Structure formats: structure tokens, C-alpha cells
Amino acid sequence: MTVNLGVIGTGAIGTDHIRRCHLALSGARVVAVNDINAEQARKAVAGLGIDAEVYANAQDLIDAENVHAILVTSWGPSHEELVLAAIAAGKPVFCEKPLAVTAAGCLRIVEAEQAHGKRLVQVGYMREYDQGYLALKAVIDSGQIGEPLMLHCAHRNPTVPQAYGTSMAITDTLIHELDVLRWLLDDDFVSAQVIFPRTTRHTHSQLRDPQIVLLETVKGVRIDVEVFVNCRYGYDIQCQVVGEEGIASLPEPSSVQLRSGAKLSTEILMDWKDRFIQAYDVELQAFIGSVSSGQIGGPSAWNGYAAAVAADACMQAQESGEIVPIKMPERPAFYA
Ligand code: NAP
């Protein structure tokens with residue numbers, strides 16, 4: 001079966017996902033697109049030579065008979081309404097992170113999906129498909145470093161647009177760690193604190209950068225995550241797990257080691273699209289496969305909700321400077 005996809009939001013990642021569905025993956029084709037800017041949608045498919053129908057209205061795309069599944073790749077605040085509409089239509093939906101911009105919004109999706117009675121939602125937490133994170137998890141799960149005690153993480157971007165404000169360091173950036181660290185440790189967060197070091201001169205008045213987020217888990221693991229989104233030098237993701245008997249670190253992306261000009265050097269990637277290119281391919285291929293089989297898997301709406309509960313606490317911690325408790329409701333059997 002070829003899965004017919006409808007894509008809502010044809011900006012950076014929407015266009016990238018359309019490209020990968022046509023050029024890199026198998027079993028799917030994009031037959032419908034929508035963007036709040038119709039011209040942008042037209043250009044996205046025309047630029048790739050794809051014959052997809054451009055819908056002026058997202059609801060019409062979701063309802064279209066020839067559309068089997070939906071990719072939501074529009075901006076965050078629109079996700080909740082679009083995912084709820086896909087669930088109401090009974091169609092599988094892959095939603096880029098964040099699932100919704102608040103925990104309350106994610107919970108409405110979790111409730112709608114449970115009322116539907118079967119999983120329909122996969123959230124775009126692609127790090128769970130990244131070879132480096134999978135290898136790191138395998139080492140932790142093998143017990144080679146004993147029980148994890150502390151994690152030192154960093155999420156660095158070369159630069160961000162002017163519209164990126166202080167809270168987006170949580171909702172747009174840290175949200176990846178808030179998902180992947182729960183998965184990596186098989187643990188939940190119990191508290192968050194945010195500390196602001198000296199601010200870089202490369203930021204603007206609406207963005208305090210860098211930030212350090214301190215998290216504690218149910219098992220007592222302490223985690224520090226540096227979020228530094230104007231670091232200039234590259235897109236750099238770090239994760240070091242300190243265990244009772246050893247230390248395990250996320251592998252660096254492979255790169256040619258160069259001896260030249262009296263220097264030994266390796267390149268650092270500048271773009272998130274390149275850093276996780278294989279993980280994006282694998283997660284979407286998995287979604288296409290699960291639409292075909294009728295069994296949606298991967299990061300669930302509950303994972304999206306859990307990350308959002310922690311994100312809400314982190315934003316509160318940004319404001320108050322206090323340690324904010326994180327109260328995670330019990331996971332329903334539906335998401336076991
Ligand atoms: P982007 O380049 O701004 O693209 C978003 C597109 O969606 C824009 O064309 C925007 O139009 C359109 N749009 C906004 N609201 C819409 C609506 N209600 N209906 C239809 N289209 C709408 O942003 P992006 O970088 O692609 O990010 C999109 C989403 O993917 C975000 O949630 C982001 O956090 C996520 N993302 C995830 C990753 C990852 O690593 N998993 C990486 C990048 C982005 P206008 O520009 O006219 O508003």
C-alpha cells in the first residue's frame with residue numbers, strides 16, 4: 001500500500017519532510033499540502049517537482065478522501081487544533097514537536113486519542129531514532145557504567161531568529177532533552193530550576209542566552225542542560241552520563257579528521273537538518289510503516305504531554321528563579 005500524505009506547514013522542516021518522503025523513503029507520497037501562506041505551499045511542491053494538490057484550508061486537507069495520514073509541520077501554536085482535527089477524522093497524524101505549546105493542550109490530545117480508542121499520534125521526537133542516542137541507551141541499559149548518577153548536557157545553536165524569545169529556549173529547544181532524557185533513563189522528572197549565567201553580547205533584548213536548566217528525576221539523577229542558542233560556532237548536541245562505574249558520552253557525528261596547516265581538526269555541523277538527518281529519515285519511515293500496518297508506534301501523545309508538563313515547570317522556573325516541582329500524572333494503561 002502506498003500511503004498518501006497530506007502535509008500542513010511547508011516551511012523549513014515541512015519542505016524537508018516532503019523531500020525525504022519522495023526521495024529518501026519508500027511506501028508514501030505527498031498528495032496534498034497546505035500552508036497559511038498558499039504561495040509558500042505551491043513553491044514547496046513545485047520546487048521538488050511534486051504534483052500535490054494545494055489546499056487553502058487545513059481542515060479540507062484533513063478531510064480529503066485520498067489523504068490517508070497527516071504530517072503537521074506548521075508552527076507550534078497551531079499543532080493542537082490540527083492534531084485534534086486529524087483525530088476527529090480518524091486519521092493517523094505525525095506531529096512535529098511540540099505536540100502542543102502547553103501541557104493542557106497536550107492533555108486534550110491525549111484525551112481525544114483515548115476516546116478514539118486506538119493510537120493515531122506519533123510525535124516528532126527524532127532523537128529516539130538517532131544512532132548515537134540509541135548506542136548511548138544500549139550502554140546505559142547494559143549496566144556497563146552502573147546506575148546513572150549525573151548527566152551533563154548541552155544544546156547549542158549557532159544563532160536563532162529575532163523572534164526567538166527566552167521561553168522558546170524551553171518550548172522549542174530544551175523540549176528535545178525533556179523527551180529524550182526520560183527515554184534514555186527510563187525515568188521521570190520531579191523538579192526544575194533555571195539559572196542565567198552572564199548573557200552573551202550576541203543575543204537581543206527579548207532573549208536571555210545562555211541558560212542552564214537543572215533537573216532532578218524520580219530516581220535522584222541530577223541533570224544539567226546548557227541551552228546556548230547564539231554560540232556562533234556550530235549546532236552542537238552533547239550528553240554525558242556519569243554512572244557509578246564509568247562515564248558514557250553521546251558519540252560525535254562522524255567527520256573526516258584533517259591534518260593540515262599545522263592543525264588537527266574535525267568539522268562541526270552548523271545545521272540541525274544535517275545533524276539528525278538519518279534520525280528524521282528513520283522516524284518518518286517508521287510512521288509510514290505503522291500507517292500501513294494500522295499500528296501507530298514511536299513517541300506517543302503521552303510522551304508529548306510528559307515533555308510539556310516538564311516544559312511548563314521550566315518556564316515557571318525561568319520566571320521565579322526557584323526550584324519548581326514537576327508533578328507527572330500516572331501514565332494510563334492505553335500508553336503502556
Ligand atoms: P517554519 O520554517 O516557520 O515553517 C512553518 C510553516 O508553517 C510556515 O510556512 C508557516 O507560515 C506555516 N504555518 C503557520 N501556521 C500555520 C497554520 N495554522 N496552518 C498552516 N500553516 C501554518 O518553521 P519550521 O522550522 O519548519 O518549524 C515547524 C515546526 O517544526 C515547529 O513546531 C518546530 O518546532 C518544529 N521543528 C522540529 C525540528 C526537529 O528537530 N524535530 C526541527 C525544526 C523544526 P508563516 O511563515 O506564513 O507563518
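Read the numbers this way: they start at 1 and go in the same order the structure lists the ligands and their atoms. These numbers were taken from a predicted model, which means no experiment stands behind them.
- The nearest heavy-atom contact from the protein to atom 18 (N) of ligand 1 is Ser78 CB, 3.4 Å.
- The single protein non-hydrogen atom nearest to atom 4 (O) of ligand 1 is Gly11 CA, 3.2 Å, given as residue, atom name and distance.
- Checking each of Ile268, Asp130, Asp236 against Arg275 for a side-chain contact (heavy atoms from CB on, under 4.5 Å) leaves exactly one that passes, namely Asp130.
- Around atom 40 (O) of ligand 1, the closest heavy atom drawn from Tyr280, Trp75, Trp272 belongs to Tyr280.
- Taking both residues in full, the closest heavy atoms of Tyr164 and Val229 are given as OH-CG1, 3.5 Å, listed atom of the first, atom of the second, then distance.
- The single protein non-hydrogen atom nearest to atom 9 (O) of ligand 1 is Asp35 OD2, 2.7 Å, given as residue, atom name and distance.
- Atoms of ligand 1 found under 4.0 Å from any heavy atom of His79 (numbered from 1 in listed order, with element): 32 (O).
- Of all protein heavy atoms, the one closest to atom 25 (O) of ligand 1 is Ala12 CB, 3.8 Å.
- For atom 33 (C) of ligand 1, the nearest non-hydrogen atom of the protein is Lys97 O, 3.6 Å.
- We find that Arg182 and Asp187 are not joined by a salt bridge, their nearest charged nitrogen and carboxylate oxygen being 4.0 Å or further apart.
- For the atom pair CD1 (Ile288) and SG (Cys21), the distance works out to 4.5 Å, reported to the nearest 0.5 Å.
- No hydrogens or angles considered: a donor-acceptor pair under 3.5 Å links the side chains of Glu252 and Gln238.
- Using a 4.0 Å cut-off between charged side-chain N and carboxylate O, Arg108 and Glu111 make no salt bridge.
- Annotation for ligand 1: atoms under 4.0 Å from non-hydrogen atoms of Asn34 are 19 (N), 20 (C).
- The minimum heavy-atom distance between Ile175 and Thr171, with the atom names listed, is CG2-O, 3.3 Å.
- Near Pro98, meaning under 4.0 Å from one of its heavy atoms, ligand 1 places the atoms 32 (O).
- Summarising the geometry, atom CD belonging to Gln193 is positioned 11.5 Å from atom CG belonging to Asp224; distances are rounded to the nearest 0.5 Å.
- Contacts with ligand 1 closer than 4.0 Å are made by no heavy atom of Tyr125, backbone or side chain.
- Side-chain atoms of Glu53 never come within 3.5 Å of backbone atoms of Val31 as a donor-acceptor pair (strictly under, hydrogens ignored).
- The option with the heavy atom closest to atom 45 (P) of ligand 1, from among Asn37, Thr173, Ile36, is Ile36.
- With ligand atoms numbered from 1 in the order given, ligand 1 contributes 32 (O) to contacts under 4.0 Å with heavy atoms of Gly76.
- Counting only N and O atoms by type, the side chains of Ser142 and Gln144 include a donor and acceptor under 3.5 Å apart.
- Looking only at protein heavy atoms, the nearest one to atom 7 (O) of ligand 1 is Ser74 CA, 3.4 Å.
- Remark: distances from the non-hydrogen atoms of Ala41 to ligand 1 are all 4.0 Å or more.
- The nearest protein heavy atom to atom 23 (O) of ligand 1 is not closer than 4.0 Å.
- Between the choices Thr73, Val101, Leu61, the shortest heavy-atom distance to atom 5 (C) of ligand 1 belongs to Thr73.
- Heavy atoms of Ala58 stay at 4.0 angstrom or farther from ligand 1.
- Of all atoms in ligand 1, numbered sequentially from 1 with element shown, those under 4.0 Å from a heavy atom of Met126 are 40 (O), 41 (N).
- Ranking the protein heavy atoms by distance from atom 27 (O) of ligand 1 puts Ile13 CG2, 4.1 Å first.
- Counting only heavy atoms from C-beta outward, the side chains of Ile247 and Val241 never approach each other to under 4.5 Å.
- In terms of protein heavy atoms, atom 37 (C) of ligand 1 is closest to Glu96 OE1, 3.2 Å.
- Less than 4.0 angstrom separates some heavy atom of Gly9 from each of these atoms of ligand 1: 7 (O), 21 (N).
- A donor-acceptor contact closer than 3.5 angstrom is absent between the side chains of Gln285 and Asp281.
- Between the side chains of Arg156 and Tyr233, at least one donor N or O lies within less than 3.5 Å of an accepting N or O.
- When only modelled atom types and interatomic distance are considered, Glu96 and His79 share no side-chain donor-acceptor pair under 3.5 Å.
- Less than 4.0 angstrom separates some heavy atom of Gly124 from each of these atoms of ligand 1: 41 (N).
- Applying the 4.0 Å criterion to heavy atoms of His176 picks out, from ligand 1, the atoms 39 (C), 40 (O), 41 (N).
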